[in-house]
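First up is the structure itself, then whatever we jot down about it.
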Amino acid sequence: MTPQLLFWIPAALRFLLFMAVIGVVWFFFGSTEALAAALIGMSWMVFIQLRNLFRLSNWLDNPGDIRLPDGWGAWTDIFARLYRMRRDDEKNQLELSEWLARFRQAMSLLPDGVVIMDDVLFLEWCNPAAQQHLGLQLERDKGMRVTNLVRNPAFIDYIILGRYDQPLTLTFKDRKLVMQIIPFENRRQILVTHDATDAARIEMMRRDFIANASHELRTPLTVINGFLEIALAQPQLDAVTRTAHLKLMTEQGHRMQNLIGDMLTLTRLESVDYPMRAERVRMPELLEGILEEAQALSAGQHHFTLEVDGPDLSGSIDELRSAFSNLVTNAIRYTPTGGSIGMRWEAHSAGPRFVVSDTGIGIGPEHISRLTERFYRVDKSRSRETQGTGLGLAIVRHVLLRHKGTMSIESVPEQGSVFTVTFPVSAIANEFTPLPELD
Ligand code: ADP
């Protein structure tokens, strides 16, 4: 049945019932009484309607506090429907505020900044990331114009030009930010900010690395090419000169080989796809092997000592061998003939540590914090003369990062240096540490 019929049929039935009652009065008591009864009945009905209208108007003033009356006749249905509407409305409002709370919580967890502004850029809302990126404070700045809060010429130009389909990259409060305005609804705009400082730093490091690596490779290549050109132009070169040239070319070839080897090691250590396979590293064996190699490299020019008095480690044998031998090789290369080099593996309350000390040329304090940067050298020519690549300590740093170790450097120019690498207690091998696989 349609709503119209649902309304009119009961109303018509009620009216017919009323008329029947009046007819009965007429039949038994006469027309005057019937008219009086009709008048009283009508007045009663008008009173009932007015009373329900009054209750309805009262309820509309305070829908939350007053209960809707049950009503009578058609009013029962109207009140019931109003009551249902009110209940649905309350439910919707609750859902909406829960949804809004969830939305705000999600927004506050976003690493990117979100600023909601009206069409004339007055701040309505922003998340914590935006507060951090742009130095805003929602309570303080709400209702203020964003261009007055973010005082940056590039940002103002971006707003004036209105080319919002393109993001804007700018430096703001020492951070590199990528921003974009997205118009939404009719009269609102969202400003999204992304902190690209780290990405820009990594990109710069990558560019520097490529530039440095190309430069490092170009030098030996130029030397080799130079000698090859001489050999081509002067086929009759005497044997002594020829041998000298070949020796120099071989040295440069080795230099390139070392450099590429170290670059590959660094790349592998940095790669997330290259997880570390921890195994038991027998420290006495490892360090004795390194001592033997060091003595061969030194060719009797230095005095060595080795003390091993610490536990075995759980880690990658190859990586630890590479890090330790880089430290020892450096000690040899930067210690003049006749100097001493000490190696000590010891237990310590902070965790086991490896100490390499030398009586070499030492390092000025201004260089120490930069030594682990790639290609950083205190004395470029000395490093090259001794086949250095400038990547040794960068490799040590990466190996330590992967083993949760730390390195400290103490050095006095002209007296010597002490490199100490400390591992956490958790890196000590225990009965569960797998033994290394046999080759
Ligand atoms: P390199 O291949 O040039 O030795 P590293 O990364 O191993 O590169 O070392 C960086 C720089 O730190 C070296 O160029 C050198 O100047 C300095 N250095 C490293 N170890 C020592 C040491 N034991 N004594 C003096 N200087 C050192």
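Index from 1, following the sequence. Whatever order the structure lists ligands and atoms in, that order sets their numbers, starting from 1.
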Aromatic centroids of Tyr158 and Tyr164 separated by under 6.0 Å
yes
Looking only at heavy atoms of Asn326, does any of them come nearer than 4.0 Å to an atom of ligand 1?
no
Checking heavy atoms under 4.0 Å, the part of Asp358 that sits near ligand 1 is side chain
Side chain, backbone, both or neither: which part of Tyr376 has a heavy atom under 4.0 Å from ligand 1?
backbone
Under 4.5 Å between any side-chain heavy atoms of Thr241 and Asp238, yes or no?
yes
Geometric class of the Phe354/Trp345 ring pair [parallel <30°, tilted 30-60°, perpendicular >60°]:
tilted
Ring-plane angle category for Trp99 and Phe103, please: parallel below 30°, perpendicular beyond 60°, tilted otherwise.
parallel
Hey, is Arg353 close enough to Glu346 for a salt bridge, meaning N to O under 4.0 Å?
yes
Is there a polar contact, in the sense of an N or O pair closer than 3.5 Å, between Gly388 and ligand 1?
no
Using a plain distance cutoff, I'd like to know if Val378 has any nitrogen or oxygen under 3.5 Å from a nitrogen or oxygen of ligand 1.
yes
Using 30° and 60° as the class boundaries, would you call the ring planes of Phe423 and His403 parallel, tilted or perpendicular?
perpendicular
The atoms of ligand 1 lying under 4.0 Å from a heavy atom of Ser417, numbered in the order shown, are 24 (N)
If you measure every N/O of Gly390 against every N/O of ligand 1, is any gap under 3.5 Å?
yes
Counting heavy atoms under 4.0 Å, the part of His367 that contacts ligand 1 is neither
If you apply the rule salt bridge (charged side-chain N to carboxylate O under 4.0 Å, His left out), what do you find for Glu90 with Arg87, and how did you get there?
CA-CA 5 Å; Glu90 271 173 3; Arg87 213 188 40 204; over 6 Å; no
Should you measure from each heavy atom of Ile363, which atoms of ligand 1 turn up under 4.0 Å away?
25 (C), 26 (N), 27 (C)
Please determine whether salt bridge (charged side-chain N to carboxylate O under 4.0 Å, His left out) holds for the pair Arg280 and Asp312, giving the CA-CA distance in whole Å, both sets of side-chain angles, and the decisive distance to 0.1 Å.
CA-CA 7 Å; Arg280 188 181 196 100; Asp312 283 351; 3.2 Å; yes
Starting from atom 12 (O) of ligand 1, which protein heavy atom do you reach first, and at what distance in Å?
Leu371 CD2, 3.3 Å
Given Leu259, Asp262, Thr389, Leu393, which one has a non-hydrogen atom that is nearest to atom 5 (P) of ligand 1?
Leu393
Can you sort out which atoms of ligand 1 are near Gly392, meaning under 4.0 Å from one of its heavy atoms?
5 (P), 6 (O), 7 (O)
Atom pair CZ/CE of Phe209 and Met204 - distance to nearest 0.5 Å
15.0 Å
Just distances here: any N/O of Ala394 and N/O of ligand 1 closer than 3.5 Å?
no
Residue-ligand contact Arg374/ligand 1, heavy atom below 4.0 Å
no
Any non-hydrogen atom of Phe375 lying under 4.0 Å from ligand 1?
no
